[in-house]
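Here the structure is laid out as structure tokens; the discussion comes afterwards.
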Amino acid sequence: MAKFVLAGRTDCPHYAKAELLADKLQECLPNFRIHKISILPDQWKEWLEDTCKRNGWNHERSPLVWRELVFQGGKGMLLGGFSDFMEHCQDYYNITSDMTTEIMLSVAAENYETKMKSIEEEQHRVSLIKPLHVWICSALSPTCRFLIPDLLSAEVFPHVSAISLHLLHLEGEEDELEELKMETEDLALPLLHQVTTHTDLKEAFKAADVILLLEEWWCNDGDEENEEKRNILTKISDRYPEYGQLIDARANKKVKVIVSGDSFVNLRCSLLLDNARSIDSGRFVTMATQLENEARAMIAKKLKVRTADVTHVIVWGNISGSFYIDLQRAQVSNYAGAIRGPAFFSQPVLKILHDRKWFKTDLQEAVGRQRAAVASKTCRTAATTEANGILSVLKPWNGNSGPDEVVSLGVLCKGYFNLPDGIVLSVPVTFKDGEWSVLFDVTVGEELQERLQLIASELRQEKERGAEDNHNC
């Protein structure tokens, strides 16, 4: 089979004449195939130089003709320009063209007009696509690679037809971001519209509908733990107010912002809120789902059931500091006790778990130790559980949840449970129609109230310390 590629400027008369001659050959010869490449006049020179350089050819005018020895994309053999193509057709196939100059010019003009209409139609088609803009900050975090495949799905975004993914990593290597971009495109995810990469804040959070702020600093060069924490606190207090201002200026006013990680997550969310005053405070949350799931796993092990069988565990407080695991609403299914029921049957955990010391003391300490152990071994947050936690928040926030599902979220307190205003604290919430609301149908006894007051004081001091360190820098 003879396969030729014919490329030329859309307004070139010789390209028009060669094109019609190729059509005639394809009509007459069953084994003759032609692939046409029409290039706009202002793009022709650059395209020709790139093509010749890539193939080791020397050619200067339109059109350019070559023969492919295999199907399109394989090795090519340069034939030349218009005269070379005419001579080849006459010698091998005894077919030539007698097109007049007037017709050549007319066809060339028609080619150009057709190409421009095609471009306009494509631009119009693209303009009709209204993608959801999702920004991931600290995109080179390991969490991001675990997150992307499940994030861009109809399960997480059930009413979205296209997603533009924006990968931001300050001071990151452009090559690494490009590699991540290519890997994401290679996933061929149905909802993915485009991927962009950013290593600075020039375009950060522009038109954002969803912003995911992953852990930014996993390790530090400080010699002492306190020095390390102070360095991280200073960086957060410097960077997150700027993030908040950019979100306020550039993001959609209905943006959903999730702060995740292990380092000062309540503080990070609070600094965003302080600097994004035109956006409703309910659009900013931190997630405690990692702590919830770790507690569920330990309770499940204690009761000899699956982790998924334990539900409605509540996390109060400072997600990356002092917190309290509350089991007052926790339920367990498939427990091998005296009372058994079908799969949907569940029982209160506190009616089954009689070891009060274990859940009041040992459980609280064990959850904290587990997070610290993962971070110390890997020098970063637990990537898999962080990614899963983000998805566990986004799904109900986008309307994909049951009416009775309870989730612990770090949100801005507005006097909830007699706590001070203006701090970000993890509390139980429920979702309905894609909006969250604080669950007040819980008991906050005197002991829990004292704990929460101490945690609120800890968070205020943390914020003041960060502001002081930043001022002294």
Side-chain angles (χ1 to χ4, degrees), residues 211 213 233 236-237 240-241 243-245 247-248 251 253-260 264-289 291-292 295 312-330 364 393 396-397 401 403-468:
I211 299 174
L213 294 130
L233 185 59
I236 288 172
S237 300
Y240 271 72
Y243 283 170
Q245 292 165 14
I247 292 170
D248 193 50
K253 296 306 176 187
K254 293 289 185 180
V255 66
K256 295 171 181 174
V257 182
I258 298 178
V259 181
S260 70
F264 302 101
V265 288
N266 295 55
L267 173 63
R268 286 156 61 198
C269 187
S270 180
L271 291 172
L272 294 177
L273 281 160
D274 289 347
N275 291 276
R277 297 301 179 94
S278 69
I279 298 175
D280 185 85
S281 61
R283 314 309 293 180
F284 296 81
V285 303
T286 68
M287 53 169 223
T289 42
L291 291 175
E292 273 185 32
H312 302 331
V313 172
I314 296 171
V315 177
W316 298 88
N318 183 358
I319 296 164
S320 50
S322 301
F323 55 83
Y324 180 71
I325 308 296
D326 186 354
L327 305 184
Q328 63 175 289
R329 292 180 65 92
Q364 313 293 332
V393 172
W397 208 352
S401 68
D404 300 323
E405 186 175 347
V406 179
V407 179
S408 300
L409 282 185
V411 301
L412 183 68
C413 276
K414 299 179 179 179
Y416 308 141
F417 309 107
N418 296 319
L419 293 169
D421 289 344
I423 59 167
V424 173
L425 201 73
S426 178
V427 297
V429 305
T430 56
F431 286 90
K432 185 178 180 181
D433 300 326
E435 298 293 337
W436 63 264
S437 59
V438 175
L439 177 68
F440 293 105
D441 185 21
V442 289
T443 301
V444 180
E446 187 176 331
E447 182 184 350
L448 179 55
Q449 182 67 235
E450 288 178 6
R451 280 177 180 263
L452 293 177
Q453 291 292 347
L454 288 172
I455 292 170
S457 176
E458 172 190 292
L459 286 166
R460 281 198 304 269
Q461 291 173 15
E462 195 174 80
K463 193 171 181 180
E464 290 167 2
R465 195 162 58 249
E468 181 183 335

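What's counted below: heavy atoms across the whole structure, side chains too, no hydrogens, waters or symmetry copies.
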Worksheet entry | Lys253, NZ: over 12 other non-hydrogen atoms inside 6.0 angstrom | yes
Worksheet item: In Å, rounded to the nearest 0.5 Å, how long is the span from CD of Glu464 to CD of Gln461?
Response: 7.0 Å
Practice prompt. Determine, stepwise, if the pair Val438 / Lys414 fulfils side-chain contact (heavy atoms from CB on, under 4.5 Å).
Written response: CA-CA 10 Å; Val438 175; Lys414 299 179 179 179; over 6 Å; no
Item to complete: Return the set of residues passing side-chain hydrogen bond (donor to acceptor under 3.5 Å, both in side chains) with Asp248 (not counting sequence neighbours), or none when no residue passes.
Response: Ser278
Worksheet item: So do Tyr416 and Leu452 actually touch side chain to side chain, heavy atoms under 4.5 Å?
Response: no
Worksheet entry | Stepwise side-chain contact (heavy atoms from CB on, under 4.5 Å) check, Ile314 with Glu292 | CA-CA 7 Å; Ile314 296 171; Glu292 273 185 32; over 6 Å; no
Worksheet entry | Heavy-atom pair of closest approach, residues Trp397 and Lys256 | O-NZ, 3.2 Å
Worksheet item: Can you check side-chain contact (heavy atoms from CB on, under 4.5 Å) on Leu271 and Tyr243, steps first, answer last?
Response: CA-CA 9 Å; Leu271 291 172; Tyr243 283 170; over 6 Å; no
Discussion item. Is any side-chain heavy atom of Tyr324 closer than 4.5 Å to one of Gln364?
Written reply: yes
Item to complete: Identify, with sequence neighbours excluded, every residue that meets salt bridge (Lys or Arg N to Asp or Glu O under 4.0 Å) alongside Glu458.
Response: none
Worksheet item: Within a strict 4.5 Å, meaning less than it, do heavy atoms of the Leu267 and Leu459 side chains meet?
Response: no
Response to the item:
On a heavy-atom basis, the closest approach of Thr286 and Cys269 is CG2-CB, 3.2 Å
Worksheet item: Nearest heavy-atom pair of Ala295 and Ile325: which atoms, and what distance?
Response: CB-CG2, 3.8 Å
Discussion item. Testing the basics here: between Gly317 and Asn266, what is the closest heavy-atom pair and its distance to 0.1 Å?
Written reply: O-ND2, 3.4 Å
Item to complete: Report the distance from atom CD of Glu462 to atom CD1 of Ile236, rounding to the nearest 0.5 Å.
Response: 8.0 Å
Discussion item. Could you work out, with ring-ring contact (aromatic ring centres under 6.0 Å, His included) as the rule, every residue matching Phe284, not counting sequence neighbours?
Written reply: none
Show which side-chain atoms of residues 417-430 pair as donor or acceptor with protein atoms under 3.5 Å away, not counting sequence neighbours.
residue: Asp421; atom: OD1; partner: Gly415; partner atom: N; Å: 2.6
residue: Ser426; atom: OG; partner: Val315; partner atom: O; Å: 2.6

Fill in: Nearest non-hydrogen partners of Leu291 and Ile319, listed with the distance
CD1-O, 3.5 Å
Worksheet item: Side-chain contact, heavy-atom cut-off 4.5 Å: His312 with Val406?
Response: yes
Worksheet entry | Lys432 with Glu405: basic N within carboxylate O range, under 4.0 Å | no
Worksheet item: Atom CG of Leu439 and atom OG of Ser437: how far apart are they, to the nearest 0.5 Å?
Response: 8.0 Å
Worksheet entry | Side-chain touch Asp274/Lys463, heavy atoms, less than 4.5 angstrom | yes
Practice prompt. Take Phe323 and Ile455 through the test side-chain contact (heavy atoms from CB on, under 4.5 Å) and record every step on the way to the result.
Written response: CA-CA 8 Å; Phe323 55 83; Ile455 292 170; 5.6 Å; no
Worksheet entry | Contacts of Asp441 that satisfy salt bridge (Lys or Arg N to Asp or Glu O under 4.0 Å) - sequence neighbours left out | Arg329
Practice prompt. Applying salt bridge (Lys or Arg N to Asp or Glu O under 4.0 Å), name anything that partners Asp280, two or more places apart in sequence or on another chain.
Written response: none
Worksheet entry | Val285 side chain reached by Leu412 side chain, heavy atoms, under 4.5 Å | no
Practice prompt. Please report the closest heavy-atom contact between Ile211 and Ala251, naming both atoms and the distance.
Written response: CD1-CB, 4.4 Å
Worksheet entry | Pair Arg268-Tyr240, side chain to side chain donor-acceptor pair (under 3.5 Å): steps then yes or no | CA-CA 6 Å; Arg268 286 156 61 198; Tyr240 271 72; 3.0 Å; yes
